[in-house]
Amino acid sequence: MPELPEVQTVVDGIKPNILRRKVINFKAYTNKLRYPISRSISEKIVGNYVKNIYRRAKYIILDLNNSQSIVVHLGMSGRIIVLKADKDKKLKHTQFIIQFSKDIELQYIDPRKFGLIKVIPSNLLQESKLFVHLGPEPLSRLFNKSYLKKICNNKNTPIKSIIMNQKYVVGIGNIYASESLFLAKITPIKVCNKLTIKELSLLITSIRKVLRKSIQSGGSSISDYAMVNGKLGNYQNELEVYGREGSICREKSCQSKILRIVIAQRSTFYCPVCQK
DNA sequence: ATGATGTCCTGGGCGC
DNA sequence: TGCGCCCAGGACATCA
């Protein structure tokens, strides 16, 4: 499911519900997501209130007043919903619940169990194993053409693999990689050291445009993603190439069909006419 | 060291 | 209706 726009939508959605609320209970319904769920989570978080909520890459971070941070990743199929905690009722595939004061709770729903939850001291987050290899945020100035050019210069990897690699730039997954490359009119198999600085610059602005637009739409609801109130995002209706294999390209006067190929084991969609 | 491949896990959709 | 197969938005470990 969740790439940067979806994670940002979750963060924006839970923020007004739990900011300054106190954690009063933590319950896990599985002992393992991507990693084992530590038994000490409860004692590290219960009784403390939420000071700040933000996103880094595809991680959701809740800073607590005791200098601990709750880190959540949604993996492929993770969702978070905000509920009134009146009935202690777990939904299908809920893997953990965090209860807050004033009867608010977060339920983490994840059928495939590829997500994670970890509590890490706030001041050690950046150097933690989860964060230390992360590249710049795509919406920040650190992600610019000279930076990207340097990365691309001595590699013959397809450009799509570069922009999906969290080491080089974070937040872009399979959907938005295809969408950004379409907007930039660059074919996803193009070897990255063949791209000119101009093309890379256009790719950067395209990535930003696609991500910003999707955030405004509440993300893409494909299969199981929804916003924290259960409403669907809308960006799935805006997708130009992702999931449109065999359909006609939407670019004016282009009659080509959208193709699907596999790059690094992942489905990749593009227009063979518009993208060079 | 880098890039390609396999793997964690479950469910939905399809063809037979 | 049921079974088996393929596919899925992520990210790591492992191997060449």
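Below, chain A is the first sequence line, B the second, and so on; all start at residue 1.
Proximity of A/Arg266 to the phosphate of C/dG10: a side-chain N or O atom is located under 4.0 Å from OP1 or OP2. Checking the phosphate oxygens (OP1, OP2) of B/dG3, a side-chain nitrogen or oxygen of A/Tyr168 falls inside 4.0 Å. At B/dC8, none of the side-chain N or O atoms of A/Lys32 fall inside 4.0 Å of OP1 or OP2 (strictly under the cut-off).
Straight-line distance from the CG atom of A/Leu130 to the P atom of C/dC12: 8 Å, rounded to whole Å. Straight-line distance from the CD atom of A/Gln265 to the C1' atom of B/dT7: 11 Å, rounded to whole Å. In this structure, A/Lys155 places its NZ atom 7 Å from P of B/dT2, rounding to the nearest Å. Between A/Lys113 atom NZ and C/dA8 atom C1' the separation is 18 Å, expressed in whole Å. To the nearest angstrom, C1' of C/dG10 lies 12 Å from CG of A/Asn165. Remark: P of C/dA8 and CD of A/Glu3 are 13 Å apart, rounded to the nearest angstrom. Remark: P of C/dG10 and CD1 of A/Ile60 are 14 Å apart, rounded to the nearest angstrom. Separating the NZ atom of A/Lys58 from the P atom of C/dC12 is a distance of 10 Å, rounded to the nearest angstrom.
A/Phe131 comes within 4.0 angstrom of no nucleic acid atom, judged by non-hydrogen atoms across all strands. Contacts of A/Tyr35 with the nucleic acid, taken as non-hydrogen atoms under 4.0 Å apart, involve only primed sugar atoms and P, OP1 or OP2. Within the 4.0 angstrom heavy-atom criterion, only backbone atoms of the sugar-phosphate kind lie near A/Tyr242; the bases stay farther away.
Of the listed nucleotides (C/dA13, B/dG11, C/dG10), C/dG10 has the atom at the smallest distance from the side chain of A/His73.
Of the P atoms belonging to C/dA11 and B/dG11, the separation is 22 Å, rounded to the nearest Å. Taking the P atom of each, C/dC6 and B/dG6 are spaced 14 Å apart, rounded to whole Å.
Note that A/Lys22 lies outside the cation-pi zone of A/Phe100, set by a 6.0 Å cut-off to the ring centre and a 45° limit from the axis.
Results of the salt bridge (charged side-chain N to carboxylate O under 4.0 Å, His left out) test with A/Glu137 over A/Arg208, A/Arg55, A/Lys58 single out A/Arg55 as the only residue that passes.
Less than 6.0 angstrom separates the ring centroid of A/Phe96 from the ring centroid of A/Phe26.
Heavy atoms from other residues, nucleotides or ligands lying under 6.0 Å from NZ of A/Lys145 number 12 at most.
If A/Arg112 and A/Lys129 are placed on DNA chain C by their nearest nucleotide, the residue sitting closer to the 5' end is A/Arg112.
Across all strands shown, B/dC9 has no partner, as no Watson-Crick or G-U wobble contact with both distances under 3.5 Å is found.
Put simply, A/Phe114 does not rest on the base of C/dA11: the two rings are not both less than 5.5 Å apart at their centres and under 30° in tilt.
Between the side chains of A/Ser214 and A/Tyr176, at least one donor N or O sits under 3.5 Å from an acceptor N or O.
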